[in-house]
Structures are given as C-alpha cells and as structure tokens.
Amino acid sequence: MKIRRILLGAASVAAVLSAGAVTASVLQDAPRDARPVQDPIGDILRTTPTQPSVPTETPPAGAPAPRAPVAVTPPPAVVIAEDAAVEEKAEEEVKAEKPVAEKAVDQPATPARRQRRKFAIIQAIDKVTAETMKFEVEVGGRPVRFNQNLIFAARACEVTTPDELTEDAIAYMDVSLQPRGRQAGRQIFRGWMFASSPAVSGVQNPYYDAWVVGCKN
C-alpha cells in the first residue's frame, strides 16, 4: 500500500512538471507586447513649452523725396587699350597649361562585409487612433505585438559599410495581422526594409504604417 502511494505521488509530480514545461514553451513562443524605446531628449523637447519670439526691427530712417527731378550724369566710358604683346603672352600661358588629370577613386579589391546587429528598431503608427511607437524586435527571437493586432518578427538586421555611398540600416521583417485571441493570422509584409527609403520599403496598410529606423546590439 505504501509503495502504491509513493508511485502515485511520483506520477503526480511528473505530470505537474511536464505541464509546466509545456506552458513555459508556449509563453516563450507567444508574441510579447511592444515597449517604446527610451528617448530622453525627445521627451524633454516634447514637455518643454516653447514660446515663439517675435523679432523687432527698427525701420530705417528715410530721406524725403526731392521736389524737382535730379539729373543723373552717366560715368565716363572706360576704354581698355589692347596690347599685342599682352595677348601673345596670354595665349602662350594657355598653351603651356597642362590638363588636369582626374584622379581615379580607389575601390577596394574586396568589398567590406556588412555588420549584423541583434535588434531591429521599428517605428509603427495606427492610422485610426494616431498611436505611434518606436520599439525593438530581436533578430531570430520572440515576435513583438503592436496595438493588439500587428505582429513583427525580425530575421536579419545589418548596417552599411563605410565604403558604400549611402549610410543605411536594412532589416528583413515578417509582419502579420493577427488580433489578440485568434490562432491564425494574415501576413501583410515580408521582405527587406530600408531606413533611407521608408515610403518605398515599409508596411503600407489601410490601418497601419511601419518601417525600420535602425539596427543596434
């Protein structure tokens, strides 16, 4: 009888541990709510009242208009004497000048590799409520939910190299529309986002707009 109680107790403990592991796994895979990125300088600028300063300018002192018209005498014409010797010397100097050779831009033999970052910084806006937020999405990590409906998952985030012409941040994102409580969602964007061209590569939806603004570690 005692052995039977011990076996039942061991089975109950194993069942509780297994249920806890399954629950923890489900919570780990579930999207977390978006949290705004700290921006202390922007908060100070938004909370500090600004009073527009009206510039004051003293009007210039004007002279009274003359009663009678004033005659204006044109300046004498200046005649420049052309010297044949001066012209010949100028032509010789022009011929002696060597054309300036354009310096070729040194291109590296092997292009530099773009640096990968751990987090993608996303800016999203709800067009209906005008709610906007800047938040982080971990690359290959837990998805992030914005405004109860929009789910962001980052697959890659990298920055341009110094030898590229434009400084930019590029992220590969999966964006789905899935209201909270529903099991299935609808994908509305999948591809690369460029911080330098948000109007071309961002999420354009009747209710939401989203784009990448940077990458960080």
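The first residue of the sequence shown is numbered 1, and numbering continues consecutively from there.
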| message | If you define the side chain from C-beta out and look only at heavy atoms, does anything of V175 sit under 4.5 Å from M193? | response | yes
| Taking atom NZ of K134 and atom CD1 of I122, what is their separation to the nearest 0.5 Å? | 11.0 Å
| note | The reported gap from SG in C157 to NZ in K216 (rounded to nearest 0.5 angstrom) is 11.0 Å
| said: So that I can tick it off, tell me whether D168 and R114 are bridged by a salt bridge, with the cut-off set at under 4.0 angstrom between side-chain N and carboxylate O. | reply: no
| Are V203 and Y207 co-members of a hydrophobic cluster defined by side-chain heavy atoms under 4.5 Å apart? | yes
| note | Rounded to the nearest 0.5 Å, the CZ atom of R117 sits from the CD atom of E158 at a distance of 10.0 Å
| request: May I ask whether W211 and M133 are part of the same hydrophobic cluster, defined by side-chain heavy atoms of I, L, V, M, F, W, Y residues being less than 4.5 angstrom apart, directly or through others? | output: no
| Short side-chain to backbone donor-acceptor contact, N147 and N149, under 3.5 Å | no
| Side chains of R190 and Y172 in contact at under 4.5 Å (non-hydrogen atoms) | yes
| Is a side-chain donor or acceptor of Q204 paired with a backbone partner of A199 at a separation under 3.5 angstrom? | yes
| Donor-acceptor pair, N217 side chain versus K118 backbone, under 3.5 Å? | yes
| query | Can you tell me how far the OG1 atom of T160 sits from the CG atom of L165, to the nearest 0.5 Å? | reply | 10.0 Å
| task | Count the heavy atoms belonging to other residues, nucleotides or ligands that lie under 6.0 Å from CZ of R35, then report whether that count exceeds 12. | result | no
| Residues, nucleotides or ligands: over 12 heavy atoms within 6.0 Å of E164 CD | yes
| message | Would you say CD of E167 has more than 12 non-hydrogen atoms from neighbouring residues, nucleotides or ligands within 6.0 angstrom? | response | no
| remark: Contacts satisfying salt bridge (Lys or Arg N to Asp or Glu O under 4.0 Å) that involve residues 198-211 (not counting sequence neighbours) are K127-D209
